[in-house]
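Here is the structure we will look at, set down as structure tokens.
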Protein chains: 2
Amino acid sequence: MIRILLFEDNKNLRESLSLYLAGTDGLWLSGAYANATDAVKLVRKYQPDVVLMDIQMPGISGIEAMRAIKKVNSEVKVLIQTVFENDDKVFAAICAGANGYIIKTPKPENYVQAITDVYNGGSHLSPSIAAKVLAMFQSQFVMKEQTYVSLTPREKEVLQCMVKGMSYKMIADACNISFSTVHSHIKNIYEKLHVNSAPEAVVKALEMRLV
Amino acid sequence: MIRILLFEDNKNLRESLSLYLAGTDGLWLSGAYANATDAVKLVRKYQPDVVLMDIQMPGISGIEAMRAIKKVNSEVKVLIQTVFENDDKVFAAICAGANGYIIKTPKPENYVQAITDVYNGGSHLSPSIAAKVLAMFQSQFVMKEQTYVSLTPREKEVLQCMVKGMSYKMIADACNISFSTVHSHIKNIYEKLHVNSAPEAVVKALEMRLV
DNA sequence: GCTTTCCTCCCCATAATTGGGGATTTCCTG
DNA sequence: CAGGAAATCCCCAATTATGGGGAGGAAAGC
């Protein structure tokens, strides 16, 4: 029996969803609320397995509520539901530890599927959300391959020091080489990266994942 | 009618899956192959909507094949299937542009669902894979705002310029303010971020997502 | 053996940044 | 209205970075 707690401000959706979930085998709806003000208290009281949380509600937002819930009980699975596919919201929800993110749908079977998925330790993302997440993922980790540059080991080492914000003097000390040598390496790095200042080199190094 | 191309080295799975997909309304199986050697050629010939690709096959790996396919036709949706939940493989597949990633299952309905999801422009991730992706996502963006600093609009603007590698003079020009003012703003930024050089400020700005 | 690459170090001069002061205006809030 | 935050500007001095040379040694490849 999967114990569920529902937070949804839309009266119509809340009631129809409550009816459906309560009538589904294997699910037990502990309660349904129009706002997340007492979310933490309610989680403490009912010890649900899964919390179904609307992201936009009057008062405390779904994300804030989730963060608070996770703080007192990190075992509770939180399933975010929303009508919006806003990038920032998705991003924020995931960073706050959402176990799933579903777009509101008129098909209640989807809710049941998502609930069982997260209950079993997995995550559930609506297709459109999954696409967004994968796109964000790619943009973060796929580097531009057309501008490949090869730095020597020493140059990489120096560049890593630069990314840490170290001055020539500090780098010289850290690498056990002279100030002049650091200077030389950095001149070479600048030439290879086609930049002419430390900040530029640092940015380029980070976005090319050279460090 | 969704046109599908299947690559799967396991004879048993390939044949049973072929049978199921071919017999499903709305799907059209263009072909099923035991390896991805001629994947690009086959994609050119059959112009499928969705390619179902096993990740581990003799000869060319599913990821390499996908990369090649995407290169010649980025519109083709590629659905990766595997028995493994290996982090590296998942990571590599996503970075290479996979539209979905499903764990092999005895339930063929899951395949159909995944195929329709990616065909409609979404992505489909098996719950266990979705959990991995979200976990990776969180680990990348977790330590954000425990050290929250508030920069004024102007300071943010200047900081953004610094991230672009601009010098004081260039920033002054870009913001239509004097060199001295840029200097002042940067002094304030350094104090707020607890740094004392441009490279440090840039790194901190990027990792705190202030820009 | 010769060439190339990499790492090392130095000189010089100019340009840029940094840190310390201080000052004015505007705008907003208590 | 007083106080504060924000944005604007200036001076000065010290430090740091940048760009231009050159040069020697070690290792690897042809």
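Numbered from 1 within each chain, the chains take letters A, B, ... in sequence-line order.
Atom pair A/Phe179:CZ and D/dG19:P shows a separation of 14 Å (rounding to whole Å applied). Distance CG (A/Asn196) to C1' (D/dT16): 16 Å, rounded to an integer number of Å. Taking atom CD1 of B/Ile186 as the reference point, atom P of D/dC9 lies 14 Å away to the nearest angstrom. Regarding A/Lys156, its NZ atom lies at a distance of 14 Å from the C1' atom of C/dC6, rounded to whole Å. As a whole-Å value, the separation of A/Met162 CE from C/dT17 P is 14 Å. Note: CD1 (B/Ile171) to C1' (C/dT18) measures 14 Å, nearest angstrom. Distance, A/Leu151 CG to C/dC6 C1': 13 Å, rounded to whole Å.
When the side-chain nitrogen and oxygen atoms of B/Tyr190 are compared with OP1 and OP2 of C/dT18, one or more of them lie within a distance under 4.0 Å. Taking side-chain N and O atoms only, A/Lys187 has no distance below 4.0 Å to OP1 or OP2 of D/dG20.
Between the side chains of A/Glu15 and A/Ser18, not a single donor N or O lies within less than 3.5 Å of an accepting N or O. In this structure, a donor-acceptor pair under 3.5 Å is present between the side chains of B/Gln81 and B/Tyr111.
Residue pairs satisfying the salt bridge (Lys or Arg N to Asp or Glu O under 4.0 Å) criterion with at least one member in residues 131-140 of chain B, sequence neighbours excluded, are listed as follows: B/Asp87-B/Lys132. Applying the salt bridge (Lys or Arg N to Asp or Glu O under 4.0 Å) rule to pairs touching residues 181-190 of chain B yields nothing, sequence neighbours excluded.
Around atom CD of A/Glu85, more than 12 heavy atoms belonging to other residues, nucleotides or ligands sit under 6.0 Å away.
With respect to the salt-bridge test (charged N to carboxylate O, under 4.0 angstrom), the residues B/Asp54 and B/Lys104 qualify.
Here B/Tyr168 lies in heavy-atom contact (under 4.0 Å) with a base.
B/Ser74 contributes no side-chain N or O that, together with a main-chain N or O of B/Lys70, makes up a donor-acceptor pair within less than 3.5 Å.
Between C/dT18, D/dT16, D/dT18, one nucleotide has an atom nearer to the side chain of A/Ser197 than all others, and that is D/dT18.
The base of C/dG20 lies outside donor-acceptor range of the side chain of B/His183, with no N or O pair under 3.5 Å.
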Restricting both atoms to N or O, compile the protein contacts to nucleotides 3-8 of chain D shorter than 3.5 Å, with distance only.
residue: D/dA7; atom: OP1; partner: B/Arg154; partner atom: N; Å: 3.2
residue: D/dA7; atom: OP2; partner: B/Thr152; partner atom: OG1; Å: 2.2
residue: D/dT8; atom: OP1; partner: B/Arg154; partner atom: NE; Å: 3.0
residue: D/dT8; atom: OP1; partner: B/Arg154; partner atom: NH2; Å: 2.6
residue: D/dT8; atom: OP2; partner: B/Arg154; partner atom: NE; Å: 2.9
residue: D/dT8; atom: OP2; partner: B/His185; partner atom: NE2; Å: 2.9

